[in-house]
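First the structure, in the form of structure tokens, and then the observations on it.
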Amino acid sequence: MNRNDAPRNPATTAPATFHVKSFGCQMNIYDGERMAEMLGTQGMTPAAEGAEADLVILNTCHIREKAVDKVYSDIGRLTRDDGSRPMIAVAGCVAQAEGSEIQRRARNVDIVVGPQAYHRLPHLIDKVGRGEAAVDTDMPAASKFGALPARTKQARPTAFLTIMEGCDKFCTYCVVPYTRGAEISRSWSAIVDEAKALVDGGAREITLLGQNVNAWTGDDDKGRAQGMDGLVRELAKIPDLRRIRYTTSHPNDMSDGLIAAHGEIDKLMPFLHLPVQAGNDRILKAMNRSHSADSYLRIIERVRQARPDIAISGDFIVGFPGETDAEFEDTLRIVEQVRYAQCYSFKYSPRPGTPAADMDHQIAAEVMDERLARLQAVLNRQQAAFNAATVGRTTQILLERKGRHPGQLIGKSPWLQSVVVTAPELEIGDFVDVDIISAGPNSLAGETVRRKAA
Ligand code: SF4
């Protein structure tokens, strides 16, 4: 018997425990948290390991080919030694894009639910119990957020908050407009209320999320039209909220107000993730990015004028169909001009159903390998230089988690660098001033100022 066709243990028809495994972006992590909270309100309890749970939700990402393969291999691994398996739900963007393909390739999947429909999971679980097909990949006009229970108390000092979903940009390589649908902004009051609930529950830093987060628009509580800068200003009034971040942004939605906000709102952290993807205008046009290399550079310049110490991060795709050596050199050039603090870079991978997947002149794998290695060498050098420049400075970090060694804690600097300190007297959630004493490529080591002065 194929492991993907293993029978489900009948005892799991009404699941009492669940496990959510989220892949991909922060929005998926946020969605996974909301699913877990919702199942908690249904009386279900979380299980640490997938195969131990009665219900396993694989909250998938469709951006990279390997991520899809990983989902199928995870489904196979959920079969227990005795041949039984948990109830399996595939959620997220793979579910949305490949619902019928999933059922064909892995017939032991009980539930397929898209990212705009997961608030109906309890109903889908009931359907499985009745032996009915449980597939929901609708993109309902009514927001799922209104149907989800209120946020439950977080144990962490940092939290994600999705403020908008979907994308109207239709970059030719990207599946998001098809899997997440059109841009929909959550209401001002829903966001402010959720932020307050997260802060009441202990969050001190909130990262606002959206596929195109800076495209958020809405009316404030007095009916005035606002953009994301107005929303950030409102959230900054929450007394115990100390840090605000946002991701991911599109260059075309960097409004004057949002750029100015970086120089005016202390709680808005000096970090901007602003993908450019490539440095050549012909490639940017073929990607349907609707900005040029120059217009991107002008935005970076204005953001740096507003907030000189801002750290810039980005995304790059090498080997987009038709990219010549000379066009790739333009990408290296823009990287040298921007000087990034950190970046994500990938080889182009065709996503079924996107225009770029059908373009001529797909680039050979070995050419992409070589370009990616060259790009990453420059990006790694820039990241190391950015980190090294903080050595000798005193900065405030928010402690987020324990380190590997006893007494070690790891926090984040305002520039999103991980900082390791040995400070057994401190706790997760503390803000602490540290002297940065050394820098590695991916993290910094710090000494607490208080301990040094003692
Ligand atoms: S702007 Fe981002 S989410 Fe939207 S289509 Fe382009 S890459 Fe995808």
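Residue numbers count from 1 along this sequence. One-based numbering, in listed order, for ligands and for the atoms of each.
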Can you give me every donor-acceptor pair (side chain of residues 334-344, partner residue at least two apart or in another chain, under 3.5 Å) with its distance?
residue : atom : partner : partner atom : Å
Y340    : OH   : Y296    : OH           : 2.9

[X] neighbourhood, listing ligand 1 atoms whose heavy-atom distance to it stays under 4.0 Å:
X	value
P177	5 (S)
K169	1 (S), 4 (Fe)
H250	1 (S)

Does C167 put an N, O or S atom under 2.8 Å from atom 4 (Fe) of ligand 1?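 Yes, since at least one N, O or S atom of C167 sits under 2.8 Å from atom 4 (Fe) of ligand 1.
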
Taking all non-hydrogen atoms of both residues into account, name the closest pair between F170 and N288 and its distance.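 F170 and N288 have their closest heavy atoms at O-ND2, 2.9 Å.
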
Looking at [X] and [Y], does any basic side-chain N land under 4.0 Å from a carboxylate oxygen?
X	Y	value
R186	E194	yes
E98	R105	no
E37	R34	yes

Residue and atom name of the nearest protein heavy atom (relative to atom 7 (S) of ligand 1), distance in Å to one decimal: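 The closest one turns out to be Y173 OH, 3.4 Å.
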
For atom 8 (Fe) of ligand 1, find the nearest protein heavy atom and state the residue, atom name and distance (0.1 Å precision).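 Result for atom 8 (Fe) of ligand 1: C174 SG, 2.3 Å.
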
Which class fits the ring pair F320 and Y173: parallel under 30°, tilted 30 to 60°, perpendicular over 60°?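 Perpendicular: the ring planes of F320 and Y173 meet at over 60°.
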
Which segment of P275 sits under 4.0 Å of ligand 1 when only heavy atoms are counted: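 Contact part for P275 vs ligand 1: neither.
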
Checking contacts here: is it the side chain or the backbone of F170 that comes within 4.0 Å of ligand 1, counting heavy atoms only? Could be both or neither.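 Just the backbone.
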
Taking 2.8 Å as the cut-off, does an N/O/S atom of C171 lie below it from atom 6 (Fe) of ligand 1?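 Coordinating: yes.
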
Is there a donor in the side chain of S345 and an acceptor in the side chain of Q376, or the other way round, less than 3.5 Å apart?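 Yes, a side-chain donor-acceptor pair sits under 3.5 Å.
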
